[in-house]
Structure formats: structure tokens, C-alpha cells
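Please read the structure below before turning to the comments.
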Amino acid sequence: MDFSPVLTGFTVAFEWQNILFCLLGVTVGMLIGVLPGLGPAATIAILLPITYNLEPTAAVIMLAGIFYGAQYGGTITSVLLRLPGEASTVVTALDGHALARRGEAGPALGIAAIASFIGGTASIILLTFIAPALAGVALAFGPAEYTVLALIGIFLVGTLGNGSIIKSAAAAAAGLLLAIVGLDPILGTPRFTFGTDQLADGIDFTIVAMGLFGVGEILYNLEHRNRPDKPVPSFGRAIPGRLHWLQSRLAILRGSVTGFVLGILPGGGATMASLVAYAVEKRTAKDPSRFGKGAVEGVAGPESANNAAATSSFIPLLTLGIPANATMAVLFGALMLQGITPGPGLMTDHPDVFWGVVNSMYLGNILLLVLSIPLIGLFVRMLKVRPGILAPITVVITMIGTYSIRNNAFDMLLVIGLGLLGYGMRKLGFEPGPFVLAFVLGSLLEASFRRSMRIFGGDVTEFVQQPVSATLVAILVVTVIVVPLLRRVRTRQTTGAEEAGVRAD
């Protein structure tokens, strides 16, 4: 590999104006992540007119900073308020908020910041060395492979619930049902729209997340406001202690690798990466019951994974011209506006842009870490605001963010309705996590499966005759059937040995 373009990229990335735009991007991204509803894709789209008069490299560096900066910004509200700012931080809310409620908000956000930095930086290093080779792997993924990948995610959703597996499965099924609202992806016919054009485009993820996690959580908490007040969680030091490091170090490593691999694949991305990383940590833990109650691995794994995926998702965009997600599609448009066509020729035709953007991510991750750690104290002070004040402010922010997506008041009504549903789920012991994440994966599953059936002529056995999809099917079987059976057998053997020991005594 010729490293001269890489070194030239460092020269470009460390020009003072590019450093300034990188700082601006990650700062805006973190703030956007804190503000639920707007999201990096919408923010980048809004800022596109500003980039017309900028140099191509500076423009893309700033827009890229917004994208990966938003990944950590969404973590802040997930940990403090159990209000995910981004889809990729939904699973972080499960253990992050539990840590905050027991007075460890500082270490939770500290671990999240450091895991994000390590995951993002590791992904950049891997991107630099093996991007050309790994980019070709994405071409092997067709509808069949995406179908199995989505199925793996759907089955892993059941690991997110802290209570009954049946309740988790029921919540996931409801999420899948909601995902089919709108126009049929193949035939274009309306489904479950109840005769209104407002639902023709389906329901945006932000509406679902803000309703179930935002409004639903607020209603549930306000119900308990007349009960004796719980002590305000203490901040704790932002730098994680030795125990936190020991518990999270392997989770960060596994999450970084998982995020990098899934970020390359269109349809995978940060959300899928965080979900898989959480499921891996829960399945490999000696005591899975800790998850959902404040396991630091449940923060470290997903956070390293979603930032690694955010970085590696640039591989298919820059090397193949294939956007891996909505934000990458907007960045694709930004490059086209600058007269640059993403694809195989980008590294040779515009090496300054390619390597300048890639190497700017090293600086961006450092800036994000430097900014986030000192600001943790400011964000954690939000917990000390009385619920009677914080609740209406949160609702207003949620509604503004929701309305800004499509400038549609109907979306605000949907958020309220889903908030009532989320409140009811909490009261009845159903976890909203499986619902929301099944909703995210549902669209990918349906569209990919139906396209696969058309390609295969309705023959389901073709899924195990294609090399890549067959490998994924094997992983699905091992993960969903073999591993749980082995764990159950081991549990029974352990229980039987303990009972035998009791009888012998």
C-alpha cells in the first residue's frame, strides 16, 4: 500500500480552516444528538446550502463531524433522561439510565465517551488499511443476505427485555406490525393507513422513539411525583474507576470490531451494530441478569459499536458510491453538489478529499472526547431539575424536534398517541426497547424478503444455497437455537449438581 496519499491526507486534515470546520461539525453534531428528533441527516440537509461556497474537503469534513458527533450526543439524553436522541443509542438507555439513577451518571457518560473514542479511532485505523478490500464484501450482499441479517437482529431483540421473554416477543411483534404501515414497498398499495394520506409514507422512527421513550417515560414518571421523593442521583466522578475499566475493556474491544464490520454493510449501520453489541455482551456475561439494571458493559459495548459503525459506513460511500444509510445518502448529495462523484475513482481522482476526510476523523474523535468529558457535569445537572419543570421542557423539545422532521402537526398527534402506548406498556411490564428496534428492522426485513422471493421464484431453500446467506443462516441457527439450548442444559446440570450436593449433606 502506498502511504504517500495517507500522509498527504494528514496535511490536508490539519490545515487550520479544516480543523475549524471539524470542530464546528462535532460540536453541532453533539448538540443535535442531545436535541431529540432533529437527527444528523436532517441537520446535514439543512446545512447543505452553507456548503456551496466552501472547499469540498472542508464541507465534507464538517458534515462528517456532524454525523459521528451526533452518535455521542444521543447518548447524553439516553443516559440522563432515558430519551434516546438517536436510534443507535436506544440500547444505551437500558443500562445507562439505570446507572444514572443509582448515582453513577458521571462514570456512565465517561465510559460512553471513552468507548466512543476508542471505537471510532479503531475503526478509522481499520478503514485506512483495509478499506479497499472490505468494500468489495458489501457487493456480495443482496436481498437474501439482508433478509437473514434482519432476522438475526429481530431474534436478538428478545435479549433486550429484562422480564418475560414472551412479553419481549410480543412487544417486538407489535413493532413489526407498526413497521408495515404505509405504502407497500413493492406494489405501492396503501396498508393500514385508514384512508388518510398522512400515513402513506409510514411512521418515522423518531416519532416512535420519542413517543415510547420520551412522552411515555414522562407520563410514567409524573404518576409517581406525589410519592416520597427519591434522593437526586449523585454525579460521581466523570473518569471511570478501576472496576468500570475492568468490566468494560473487553466490551469495548468486541463492540469496536462488531461496529466496524456491520457499518460497512448497507442496512447494518450504527443501530444494528449497537443492538448486536448489546446482545453479544448479554450473552457472554457470567450474570446476564445484571443487564438492564446498570451493567457498564451495556453502555461500553453499544457505544463503541455505534461510533465504529458510523466511521466504517463511509467505506461503501467513498469507495463504491453506495450510501449505507440516510445520512450517508445526504453526504452523497453534498459531494455531488461539490462536483465530486463518490465511487471507486475517488481515491485516485480526489485523494485529497478522500484521505483528508478520513484522517480528519482522528482529530474529530479527539475533539469529541475533549469536549464531552468537561461538559458531563453540565449535562448531569439536568437530573437535579425538578420533574415538574423538566417534564414540560422535555415535552416541548420533543414536540419541536418531531415537528421539524416534516413540518406536520399530525406527527405530533402520533407522538402523543405512542406516548400513551408507551405509558401503558411500562405499567403492564412490557419493555419499549424490543418494540422500537423491531420497528427499525421490520422495513428492512420485509423489503429484502419479498425481493428475495421474486429473485428465487418463491423457493425458500435458496437462502441456504447462496454462500453468504447460508453462512448467515448458520449464524442465526447457532445464536437463536444452539446457544440457548446449551445454556439451558448447563443450567440444569448445575442445578442438578447443587441439589445432589444438598441431598448428600
Side-chain angles (χ1 to χ4, degrees), residues 134 136-161 165-193 202-203 205 258 261-269 271-273 275-276 278-280 283 316 320 322-325 434-489:
L134 287 179
V137 176
L139 294 177
F141 272 70
E145 288 73 25
Y146 290 131
T147 299
V148 185
L149 187 65
L151 273 176
I152 293 173
I154 294 293
F155 281 108
L156 291 179
V157 157
T159 66
L160 297 179
I165 294 180
I166 295 177
K167 287 187 176 181
S168 295
L176 289 173
L177 181 63
L178 194 66
I180 66 174
V181 172
L183 297 179
D184 186 293
I186 305 297
L187 303 177
T189 55
R191 303 178 304 184
F192 298 100
T193 59
I203 301 175
F205 162 78
T258 300
V261 173
L262 291 180
I264 296 172
L265 307 175
T271 302
M272 176 75 79
L275 166 63
V276 172
Y278 187 89
V280 168
R283 286 186 178 275
L320 296 175
I322 301 174
N325 49 57
F435 183 105
V436 174
L437 289 165
F439 173 82
V440 172
L441 298 172
S443 300
L444 173 65
L445 175 63
E446 181 194 8
S448 300
F449 177 73
R450 293 178 64 181
R451 290 192 184 101
S452 300
M453 287 294 93
R454 289 194 165 205
I455 294 172
F456 297 154
D459 186 3
V460 182
T461 61
E462 287 286 340
F463 280 99
V464 294
Q465 296 180 28
Q466 308 294 321
V468 180
S469 63
T471 302
L472 291 173
V473 168
I475 294 173
L476 174 64
V477 171
V478 170
T479 304
V480 176
I481 300 176
V482 176
V483 172
L485 283 177
L486 291 176
R487 179 171 291 179
R488 181 171 296 182
V489 170

Hey, what do you get for [atom1] ([X]) to [atom2] ([Y]), rounding to the nearest 0.5 Å?
X      : Y      : atom1 : atom2 : value
Leu178 : Ile203 : CG    : CD1   : 4.0 Å
Tyr278 : Thr258 : OH    : OG1   : 15.0 Å
Glu145 : Thr471 : CD    : OG1   : 9.5 Å

So, for [X] and [Y], which heavy atoms are closest and what is the spacing to 0.1 Å?
X      : Y      : answer
Gly442 : Ala179 : CA-CB, 4.1 Å
Ala273 : Leu262 : CA-CD1, 3.7 Å
Pro143 : Ile455 : CG-CD1, 3.9 Å
Ser452 : Ser448 : OG-O, 2.7 Å
Phe192 : Ile180 : CE1-CD1, 3.4 Å

State whether Arg451 and Glu446 are salt-bridged, where the test is any N-O pair (Lys NZ or Arg NE/NH1/NH2 against Asp/Glu carboxylate O) under 4.0 Å. no
Output, in order, the C-alpha distance, side-chain angles, deciding distance and verdict of side chain to side chain contact (heavy atoms under 4.5 Å, CB included) for Leu445 and Thr147. CA-CA 5 Å; Leu445 175 63; Thr147 299; 4.0 Å; yes
Hey, what's the ring geometry for Phe463 with Phe456, parallel, tilted or perpendicular (30° and 60° as the breaks)? perpendicular
Greater than 12 external heavy atoms within 6.0 Å of Arg191's CZ: yes
Side chains of Asp459 and Met453, heavy atoms from C-beta outward: is any pair under 4.5 Å? no
Which is it for Phe449 and Leu151 under the side chain to side chain contact (heavy atoms under 4.5 Å, CB included) test, yes or no, and what are the steps along the way? CA-CA 10 Å; Phe449 177 73; Leu151 273 176; over 6 Å; no
